[in-house]
Each structure stands twice: as structure tokens, then as C-alpha cells.
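Order of the sequence lines sets the chain letters (A, B, ...), proteins ahead of strands, with each chain counted from 1.
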Protein chains: 2
Amino acid sequence: METLNAAELLAALGHESRLSVFRLLVEAGPEGIVASAIGEKLGLPPATLSFHLAHLSRVGLIRGRKESRFIRYCAEYATMDELIAFLTRNCCQGEACLPKTATCDTIAKRRKCGDGNP
Amino acid sequence: METLNAAELLAALGHESRLSVFRLLVEAGPEGIVASAIGEKLGLPPATLSFHLAHLSRVGLIRGRKESRFIRYCAEYATMDELIAFLTRNCCQGEACLPKTATCDTIAKRRKCGDGNP
DNA sequence: TCCATATTTCAATAATAGTCGAAATATTGA
DNA sequence: TCAATATTTCGACTATTATTGAAATATGGA
């Protein structure tokens, strides 16, 4: 991933409403959530929600599939992963970095960078 | 550190110039880089660079320390770590996610989320 | 077909962010 | 003190983004 593309993804997530939508979908898992339910949960007017969903879709962070009258959205985990990989690539010259504890098991593993450790 | 404002951090990184600055500092490691060298490397005019450095500093993604006439900036790895932890917290309902290969050892470990695996 | 519901598009407006020359400030070494 | 260099602030301008009501489109069920 190049810088330009990463900046686009980060900008998409750098908005309170869009980040809330994305987090909701990340937590929802592969099953996703239909648009109207997202709007209800976050209290966003239809036009506003549509605008933000379109933005997140355009950059590839979420995907929507038509399902009868609804559109069901889910997070694109692969895109998020690439983004995180980009952010941490070649980090910190082999020093320890990213040392904080975290909630998710996998995050807890992410303690040192570039130290060749399992 | 105050409470994490993830959208603010993401918006700060969601600009090509700022992301370039941040990546440069992430790769530079704890030693950091002086402002003028950053500007030269990225081809940013002093006023523009100052604007972006101030922005990144304000949200806590980088830190500058005066060093004689220069200001030496370095990445705040802890902030980035909190941000990544936030993005991946409670992800995907125990399904496999973030499955892509990555450059950094620590990233390579980050393969499943919430599966109770080491 | 007709109605109710889901979502998008349109359009006007409001708000915010980015750019960078020039002037100001700070620091150091001569 | 003076000149050179590093960085910030100011100010004016440009560009982009966000908001949302209302109208349009799409779908499925009665």
C-alpha cells in the first residue's frame, strides 16, 4: 500500500460518524448490519448516513450487498489489515515499540517490532 | 495521556503530507529527525511543514524536543499502539480476521482475533 | 397495481482545512 | 553585537468536506 492510498483510508476513518459506523461493523463481524439499523443505532439522518457509507465503500473499508429492500454492510477486514501493516512497517529501527497492553488476544501479541521474536 | 480520541488521530494521519511525516518518524526510530531535515526530505515549505508538525504534535502522534536551534521530532509509538488497539478491539465476533501477511514480525503474529490463541 | 419502506441523489448551505509568502522570533557562532 | 539559520505566526486566499430536507428511485408485499 502506498502513502496516498493509506491517507485516503485514514481520512475516511478520521470522522466521528464514519468511524462509529466502521467500528460498529467491525464488532458486528462478517454478518454485517443493514443500513437502516446502522442509522437508527447512531442517530444519523438517511442522507447523511448514505453519504458516509458511500465514502467508506469507495475506499474499500466496508462493503454493501443488496438484500431484498435492504443493503447489508460489513467491514472489509483485509483492507484494515493492510492499513495497519502499512502504519507499522519498518518501524522504530528494531527497538521495542507498540508496548501497550490491549484487549484483543492478537493485539496482546503485538509487543515488539522487528526483534525477530515469536 | 488523555482519553484516546481515535477520530482525531485518524484525521491527523489522513493527509498525505502528515502521513509522510509520521511514517518518516516511525521509520527513523526513537532518535527522531530535526524539522528542517523532514522538510527537505519531503519538499515542504517551512510554513506548511510547521502547520502539519503542530497538528501531529497536538494530537500526540509525534513529539518535538528543542535541540539547540533545531527541533527534533520523534513518533509517539504508544499513541499509535493505542490507536491500533482501538481499531481492532472486539473485532469480528471471534472469526478469523486480519489474515494478510505483513512485513513486520509482530504484524505477522497478528492473524486471528478473539480466538483465545496465543 | 398501489402502498409502505429503504436508500440514494440533488442542491443549497455551512463549516473546516490546507497552502505558503512574508514578517516575526529564537538561537548560536563569529 | 551582528549575521546566519531554524522555526513559528500571521494573514489572505483557495479548496474541500459535511449536513440534511426534499425529491427520486427501488423493492417487496397486500
Side-chain angles (χ1 to χ4, degrees), chain A residues 2-25 28 31-76, chain B residues 5-25 28 31-76 83:
Chain A
E2 345 86 51
T3 304
L4 179 63
N5 190 9
E8 196 171 61
L9 298 181
L10 290 161
L13 294 174
H15 182 281
E16 200 73 48
S17 300
R18 280 193 299 269
L19 183 57
S20 300
V21 169
F22 182 72
R23 282 295 303 153
L24 205 58
L25 293 174
E31 207 173 303
I33 313 181
V34 300
S36 47
I38 298 172
E40 199 173 318
K41 184 123 185 178
L42 300 180
L44 294 172
T48 305
L49 178 65
S50 181
F51 172 82
H52 292 307
L53 288 172
H55 190 159
L56 288 167
S57 297
R58 181 164 41 75
V59 302
L61 279 163
I62 67 176
R63 197 177 70 215
R65 344 189 54 151
K66 200 131 208 199
E67 192 173 274
S68 96
R69 249 182 308 188
F70 307 83
I71 299 182
R72 182 173 294 271
Y73 286 93
C74 59
E76 286 278 26
Chain B
N5 188 343
E8 194 173 62
L9 298 181
L10 290 161
L13 293 174
H15 182 281
E16 210 183 349
S17 298
R18 280 193 299 269
L19 183 56
S20 299
V21 168
F22 182 71
R23 282 295 303 153
L24 205 58
L25 292 174
E31 207 174 304
I33 313 181
V34 299
S36 49
I38 298 171
E40 200 172 318
K41 184 122 185 178
L42 300 180
L44 295 172
T48 305
L49 178 64
S50 182
F51 173 82
H52 292 308
L53 288 172
H55 190 158
L56 288 168
S57 298
R58 181 164 42 74
V59 303
L61 279 164
I62 67 175
R63 197 176 71 214
R65 342 190 57 153
K66 199 132 208 199
E67 193 174 274
S68 96
R69 249 182 306 188
F70 306 83
I71 300 183
R72 181 173 294 271
Y73 285 92
C74 58
E76 287 277 25
L83 177 59

Before giving the answer on side-chain contact (heavy atoms from CB on, under 4.5 Å), spell out for A/V34 and A/E40 the whole-Å C-alpha distance, their side-chain angles and the decisive distance to 0.1 Å.
CA-CA 10 Å; A/V34 300; A/E40 199 173 318; over 6 Å; no
Given the rule in the side-chain contact (heavy atoms from CB on, under 4.5 Å) test, do A/L49 and A/V21 qualify, once you have shown the distances and angles that lead to the verdict?
CA-CA 9 Å; A/L49 178 65; A/V21 169; 4.2 Å; yes
Quick one: is C/dT19 close enough that its OP1 or OP2 comes under 4.0 Å of any side-chain N or O from B/H52?
yes
Among residues at least two apart in sequence or on other chains, which ones pass ring-ring contact (aromatic ring centres under 6.0 Å, His included) with B/H55?
none
B/H55 NE2 to C/dG18 C1', in whole Å, measures 11 Å
Separation between CG of A/L24 and CG of A/L19, rounded to the nearest 0.5 Å:
11.0 Å
Answer yes or no: is there a donor N or O on one side and an acceptor on the other, between the side chain of B/S57 and the main chain of B/L53, under 3.5 Å?
yes
Note down the inter-axis angle between the two ends of the helix from C/dT1-D/dA30 to C/dA30-D/dT1, five pairs each, to the nearest 10°.
20°
Are A/L44 and A/S17 packed together at the side-chain level, in the sense that at least one heavy-atom pair is separated by less than 4.5 angstrom?
yes
Quick check: does any side chain N or O of B/S20 sit under 3.5 Å from a backbone N or O of B/E16, one acting as donor and the other as acceptor?
yes
With a 4.0 Å heavy-atom cut-off, tell me which residues in residues 8-23 of chain A come close to DNA chain D, sorted by residue number.
A/H15, A/R18
Partner set under salt bridge (charged side-chain N to carboxylate O under 4.0 Å, His left out) for B/R18, not counting sequence neighbours
none
If you round to the nearest 0.5 Å, how far is CG of B/L9 from CZ of B/F22?
9.0 Å
For every nucleotide of nucleotides 1-12 of chain D, 5' to 3': is a protein heavy atom under 4.0 Å from its base (B), only from its sugar-phosphate (S), or from neither (-)?
---BBSSBB---
Residues pairing under salt bridge (Lys or Arg N to Asp or Glu O under 4.0 Å) where one sits in residues 54-64 of chain A, two or more places apart or in two chains, turn out to be A/R63-A/E76
